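None of the values given here were measured: they were computed from a predicted structure.
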Amino acid sequence: MNYRMISYIVGQIVRVEGILMIPALVVGFIYDENVLAAFLIPIALSIISGTLLTIKKPANTSIFAKEGFVTVGLSWIVMSIIGALPFVIDGCIPSFIDAFFETVSGFTTTGASILTEVESLGYAVLFWRSFTHWIGGMGVLVFVLAILPQADTRSVKLMHVMRAEVPGPKVGKLVSKIGRTARIMYGLYVALTFIQVALLLFGGMPLFDSLVNSFATAGTGGFAIKNASIAAYNSAYIDYVIGIFMVLFGINFNLFYLLIIGHFAQAFKSEELRWYIAIVLGSTALIAADIYSIFGSVGESIRYAFFQVASVITTTGFATYDYNTWPALSKIILVMLMFCGACAGSTGGGIKVGRIILLVKNGLREIKYMLHPRAVVSIRMEDKPVERDVIRSATSYMIVYIMLFSVSMFFIEMIEECDLVTGFTAVSACLNNIGPGLEAVGPAGNYAALTGASKLILSFNMLAGRLEIFPLLMLFAPSTWRNH
């Protein structure tokens, strides 16, 4: 285990986090808020400690898979601890466990909140709260890879870090050099974010609101700055702009790159993209038909159904209506979408459409083997055979996912003694990085009433869901820390 290199990269992350807090401090000055201590203390702490950890570059810069997983897991925990300090120092969230839960929810783009009222918060705190979504959406480690000058020369080594942070069954480079790949990904991320900001401004949304709502959409996070979430704007135009961009940010960023370089046929050949769009359209149609009796209008039914489908499948968590009051069929579809999630290589959470396709095809292959034991059946996606390691990884992920989900739900139910729907959807919403669930933790509720122990368990779930479980679990495996 290369401990020195791990601490060096974590130091880079901590220092970058301190720099990324500066815009929130600037927002506080613009709106004449007394937030100097709330942000200056964590900024100084981050920059000083990060500089001390990176003052000398390690002689041995080797990074293998184990170091990559450990670096990512530790970085996200440390980021969340430091990122919680502004809330505690400002006093808007005096409990550190609550502040940690809120920050983990922000960085993991979950959007689960313990705040019962957000409109009384200061602009600087609201900005930082939503900005954590934008930072965590693409991943702060990918951001560091994009700006590190040595990233191009250590592509093979740094690929282990990128694979540990970017969600999906398989991660590859867009171009030959990992640093350039990271810069392309962040370039697309920034461009889409500011296109959305411009469109929201055109629809009459104030500049501050347009920025923070775009941060939350881009990161598929869902922290709102209004108590009624996006419903507060009461605008079909805004609903559709945010809804469409939620769907866009749920698409694999590799496909955007292919479109930019003119490889349209290759982009639209993506089997995962076709299934993703089909699921969005099919779910919207079913829910719109189911809630027609509530709205009495085809247009309004489609508007609310599309927004909520886009919000849930991309694991954003915005709401324009309390879907907890919708018919049972609509709620069942939304719960299924919680588990489905968006595409691999996007900012969305969940199991991922691509992984579900692989698991379904693997199940069908096993049925064929039972009927024809001597048959040679390969799993193909986009007319290419899928590597055995990818299938094994998807299967292993699902096994561990089910185990973690079951254990988490057991402890939540034991600690809280809540109703089954609340417990089930709380774990579902946190592990799949969605935010709101149903009943007590639905869009009209929050996680404030839960005990500290439950919040820590759900914080672990949010981190595990964002990092796809294994990087976080490896931190608790004794074999990880042994030198072989």
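Under 3.5 Å, the side chains of Ser7 and Arg4 contain a donor-acceptor pair of N or O atoms. Side-chain N/O atoms of Asp209 and Tyr233 include a donor and acceptor closer than 3.5 Å. Asp32 and Tyr123 share no donor-acceptor pair across their side chains, judged by distance under 3.5 Å alone. Using modelled atom types, one finds no donor on one side chain facing an acceptor on the other under 3.5 Å when comparing Ser428 with Thr425. Under the 3.5 Å distance criterion, with hydrogens and angles disregarded, a donor-acceptor pair is assigned to the side chains of Asp419 and Thr422. No donor-acceptor contact under 3.5 angstrom links the side chains of Tyr276 and Asn252, judged on distance only.
A distance of 13.5 Å separates CG in Leu404 from CE in Met409, rounded to the nearest 0.5 Å. For the atom pair OG1 of Thr110 and CG of Asn432, the computed distance is 9.5 Å after rounding to the nearest 0.5 Å. With rounding to the nearest 0.5 Å, the separation of CD1 in Ile82 from CE in Met21 is 6.5 Å. From Cys430, atom SG reaches atom CG of Leu458 across 4.0 Å, with rounding to the nearest 0.5 Å. Distance check: Leu438 CG to Asn324 CG gives 5.0 Å after rounding to the nearest 0.5 Å. Summarising the geometry, atom CZ belonging to Phe460 is positioned 8.0 Å from atom CD1 belonging to Ile77; distances are rounded to the nearest 0.5 Å.
With hydrogens and angles disregarded, a donor-acceptor distance shorter than 3.5 Å links the side chain of Lys352 to the backbone of Gly350. Not one N or O on the side chain of Gln196 forms a donor-acceptor pair closer than 3.5 Å with the backbone of Val241. Side chain of Thr347 to backbone of Ala218: a donor-acceptor contact under 3.5 angstrom is found. Without hydrogens or angle criteria, Asn446 side chain to Ala448 main chain gives a donor-acceptor distance under 3.5 Å. Between the side chain of Ser229 and the backbone N or O of Ala319 there is at least one donor-acceptor pair closer than 3.5 Å. Between the side chain of Glu416 and the main chain of Leu450, no donor-acceptor pair closer than 3.5 Å is present. Listed for the Asn433 side chain is a donor-acceptor partner under 3.5 Å among the backbone atoms of Met462. For Glu272 (side chain) and Ala344 (main-chain N/O), a donor-acceptor pair under 3.5 Å exists by modelled atom type. Listed for the Thr54 side chain is no donor-acceptor partner under 3.5 Å among the backbone atoms of Gln12. Counting only distance, with no hydrogens or angles, the side chain of Arg15 and the backbone of Val10 share no donor-acceptor pair below 3.5 Å.
Residues Asp98 and Leu115 have side chains not in contact (no heavy-atom distance under 4.5 Å, counting atoms from C-beta outward). Side-chain contact between Leu286 and Asp290 is absent, with no heavy-atom pair separated by less than 4.5 Å. Using a 4.5 Å heavy-atom cutoff, the side chains of Tyr321 and Ile294 are in contact. Side-chain contact check for Val118 versus Arg129: some heavy-atom pair is nearer than 4.5 Å. Phe208 has its side chain within reach of Leu126: a pair of non-hydrogen atoms, C-beta onward, lies under 4.5 Å apart. Counting only heavy atoms from C-beta outward, the side chains of Thr103 and Leu85 never approach each other to under 4.5 Å. Side-chain contact between Met205 and Asn213: present, with at least one pair of heavy atoms (C-beta onward) separated by less than 4.5 Å. Contact check for Leu475 versus Val70: side-chain heavy atoms found under the 4.5 Å cut-off.
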message: Applying side chain to side chain contact (heavy atoms under 4.5 Å, CB included) to Ile457 and Ile415, what does each step give before you reach the verdict?
response: CA-CA 11 Å; Ile457 292 170; Ile415 295 169; 3.8 Å; yes

- request: Determine, stepwise, if the pair Ile251 / Ser346 fulfils side chain to side chain contact (heavy atoms under 4.5 Å, CB included).
  value: CA-CA 5 Å; Ile251 294 173; Ser346 71; 5.8 Å; no

message: Could you go through Val190 and Thr193, starting from their C-alpha distance and side-chain angles, then the distance that decides it, and tell me whether this counts as side chain to side chain contact (heavy atoms under 4.5 Å, CB included)?
response: CA-CA 5 Å; Val190 171; Thr193 301; 5.6 Å; no

task: Any chance you could lay out the side-chain hydrogen bond (donor to acceptor under 3.5 Å, both in side chains) test for Ser396 and Ser393, step after step, and finish with the verdict?
output: CA-CA 5 Å; Ser396 301; Ser393 175; over 6 Å; no

Derivation and outcome, side chain to side chain contact (heavy atoms under 4.5 Å, CB included), residues Phe29 and Leu36: CA-CA 8 Å; Phe29 287 145; Leu36 185 63; 3.7 Å; yes

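In this structure, Glu417 places its CD atom where only 12 or fewer heavy-atom neighbours from other residues, nucleotides or ligands lie under 6.0 Å away. Within 6.0 Å of atom CE in Met414, more than 12 heavy atoms from other residues, nucleotides or ligands are found, so the atom counts as buried in its surroundings. For Phe470, the CZ atom is densely surrounded, since the number of other residues' heavy atoms within 6.0 Å is greater than 12.
Across all their heavy atoms, Cys418 and Glu413 have their closest contact at O-OE1, 2.9 Å. Pairing each heavy atom of Ile89 with each of Pro42, the nearest pair is CD1-CD, 4.0 Å. Of all heavy-atom pairs spanning Val197 and Ser210, the tightest one is CG2-O, 3.9 Å. The shortest non-hydrogen separation linking Ile356 to Cys340 is CD1-CA, 3.6 Å. When every heavy atom of Lys331 is checked against every heavy atom of Tyr323, the shortest pair comes out as CG-O, 3.5 Å. Smallest separation of non-hydrogen atoms from Gly136 and Thr109: C-CG2, 3.9 Å.
With Tyr397 as the aromatic partner, Arg355 meets the cation-pi criteria of under 6.0 angstrom to the ring centre and within 45 degrees of the ring axis.
Aromatic ring pairs are classed by plane angle as parallel below 30°, tilted from 30° to 60° and perpendicular above 60°; the pair Tyr240 and Phe306 is parallel. Between Phe100 and Phe96, the ring planes lie parallel to each other; the angle is under 30°, not in the 30° to 60° tilted range. Ring planes of Phe339 and Phe405: tilted class, angle from 30 to 60°. Using bins of under 30°, 30° to 60° and over 60° for the plane-to-plane angle, the ring pair Tyr447/Phe101 lands in the tilted bin. The aromatic rings of Phe253 and Tyr189 sit perpendicular, their planes meeting at an angle over 60°, well past the 30° parallel limit.
Between Glu102 and the choices Ser95, Ser80, Ser113, the side chain to side chain donor-acceptor pair (under 3.5 Å) rule is met once, by Ser113.
Aromatic ring centres of Phe307 and Tyr304: separated by at least 6.0 Å. Ring centers of Phe215 and His133: at least 6.0 Å apart, outside the cut-off.
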